[in-house]
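See below for the structure under consideration.
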Amino acid sequence: MKRFLQLIGIGIVSGAVLAALLQVIYTLTGNEAYVLLYNVDYFPIIHVWQDVAWFGIVFHFVFCIASVIGLFYILNFFGWQYRMWPYLAVYTVGSGILYFLTLLTERPPAENDWIAWFYWTSSHLVYSLVVAGMIVRFVGRSR
């Protein structure tokens with residue numbers, strides 16, 4: 001149970017770092033890559049709450065928590081849960097691909113906005129470093 005709670009905390013902290021980083025990028029550059037973090041208008045059923053600001057934020061954090069827990073236990077199956085490279089690979093490459101969900105929405109960023117793609121993907125690289133670093137440091141130590 002302790003490990004599970006640690007993973008939830010890591011999901012919350014790393015999700016906050018990701019959101020803050022993309023917000024700083026928006027503040028400094030005006031690039032709207034952060035919008036994709038909270039956009040749910042292309043999901044069946046839950047898209048009805050697309051205009052409710054808090055719902056997008058909750059969705060972001062639930063997804064961060066679920067992805068940290070899920071990836072940790074998938075990597076545990078291979079004995080890789082305390083290695084950094086799988087987190088870097090999955091989150092960075094995965095986010096680079098998921099960016100193209102923008103094809104399914106009218107909201108920014110545009111699918112051909114390569115600067116937004118760079119900000120999005122590099123922010124997820126930082127996210128993956130935070131997740132992996134915290135797992136190695138806190139979860140790995142408490143074994």
Side-chain angles (χ1 to χ4, degrees), residues 2-76 78 80-143:
K2 179 182 177 186
R3 178 183 294 163
F4 189 75
L5 293 175
Q6 287 173 317
L7 294 171
I8 290 172
I10 290 168
I12 292 168
V13 169
S14 58
V17 168
L18 176 60
L21 182 56
L22 282 167
Q23 186 63 48
V24 166
I25 289 169
Y26 172 70
T27 301
L28 295 176
T29 69
N31 189 284
E32 296 178 304
Y34 79 94
V35 172
L36 192 53
L37 276 184
Y38 311 116
N39 190 352
V40 297
D41 65 352
Y42 42 81
F43 285 103
I45 301 170
I46 66 171
H47 74 276
V48 297
W49 293 294
Q50 69 185 346
D51 294 324
V52 180
W54 66 265
F55 186 81
I57 294 167
V58 168
F59 175 80
H60 164 68
F61 281 101
V62 166
F63 197 82
C64 288
I65 292 166
S67 73
V68 167
I69 293 169
L71 185 54
F72 178 86
Y73 285 109
I74 289 169
L75 295 175
N76 186 56
F78 298 101
W80 297 343
Q81 72 274 25
Y82 300 114
R83 296 183 183 178
M84 292 189 79
W85 70 265
Y87 297 96
L88 297 172
V90 170
Y91 289 132
T92 306
V93 172
S95 71
I97 294 167
L98 287 176
Y99 174 85
F100 294 100
L101 287 173
T102 59
L103 289 164
L104 304 174
T105 182
E106 297 297 317
R107 293 185 184 189
E111 70 277 358
N112 62 353
D113 183 345
W114 298 108
I115 300 298
W117 179 87
F118 173 77
Y119 290 143
W120 173 262
T121 306
S122 58
S123 295
H124 280 79
L125 172 63
V126 172
Y127 170 82
S128 68
L129 289 168
V130 172
V131 169
M134 291 180 74
I135 286 174
V136 168
R137 181 175 180 143
F138 299 114
V139 180
R141 279 192 180 166
S142 68
R143 294 189 266 177

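Note that the structure is a prediction, hence the values are computed from the model and not measured.
- Y34 places no side-chain N or O within 3.5 Å of a backbone atom of L18 that could act as its donor or acceptor partner.
- Taking T105 as the reference, N39, D41 meet the side-chain hydrogen bond (donor to acceptor under 3.5 Å, both in side chains) condition, with sequence neighbours excluded.
- In this structure, the side-chain hydrogen bond (donor to acceptor under 3.5 Å, both in side chains) partners of Y127, at least two apart in sequence or on a different chain, are S67.
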Assess the residue pair Y82 and F72 against the criterion (side chain to side chain contact (heavy atoms under 4.5 Å, CB included)); give the C-alpha distance rounded to whole Å, side-chain angles, the decisive distance to 0.1 Å, and a yes or no.
CA-CA 8 Å; Y82 300 114; F72 178 86; 3.8 Å; yes

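- Every side chain to side chain contact (heavy atoms under 4.5 Å, CB included) that S122 has, sequence neighbours left out, goes to F118.
- Separating the CH2 atom in W85 from the CG atom in L75 is a distance of 8.0 Å, to the nearest 0.5 Å.
- Taking the six-membered ring for Trp and thresholds of 30 and 60 degrees, Y38 and H60 have ring planes more than 60 degrees apart, a perpendicular arrangement.
- Of all the heavy atoms in A19 and L37, the pair that sits closest is CA-CD1, 3.7 Å.
- I69 CD1 to L5 CG: the interatomic distance, rounded to the nearest 0.5 Å, is 9.0 Å.
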Side chains of residues 97-104: which donor-acceptor pairs under 3.5 Å do they make with residues two or more places apart or in other chains?
| residue | atom | partner | partner atom | Å |
| --- | --- | --- | --- | --- |
| Y99 | OH | A110 | O | 2.6 |
| Y99 | OH | D113 | O | 3.2 |
| T102 | OG1 | Y99 | O | 3.2 |

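- Across all their heavy atoms, Q81 and I135 have their closest contact at O-CG2, 3.5 Å.
- Under the side-chain hydrogen bond (donor to acceptor under 3.5 Å, both in side chains) criterion, no residue pair touches residues 13-26, with sequence neighbours excluded.
- Between W117 and W114, the ring-plane angle classifies as perpendicular under the 30° and 60° cut-offs.
- Between the side chain of S95 and the main chain of T92, a donor-acceptor pair closer than 3.5 Å is present.
- Other residues, nucleotides and ligands contribute more than 12 heavy atoms inside 6.0 Å of the OH atom of Y73.
- The shortest heavy-atom contact between P109 and A116 is CB-CB, 3.7 Å.
- When the side-chain hydrogen bond (donor to acceptor under 3.5 Å, both in side chains) test is applied to Q6, the partners found at least two apart in sequence or on another chain are S142.
- With rounding to the nearest 0.5 angstrom, the CH2 atom of W120 is 4.0 Å from the CG atom of L36.
- Within the model, atoms CG of L88 and CG of L129 stand 5.0 Å from one another, a figure rounded to the nearest 0.5 Å.
- Contact record, S123 with L22: OG-CD2, 3.3 Å, taken as the closest heavy-atom pair.
- Heavy-atom minimum distance, V68 versus L7: CG1-O, 3.6 Å.
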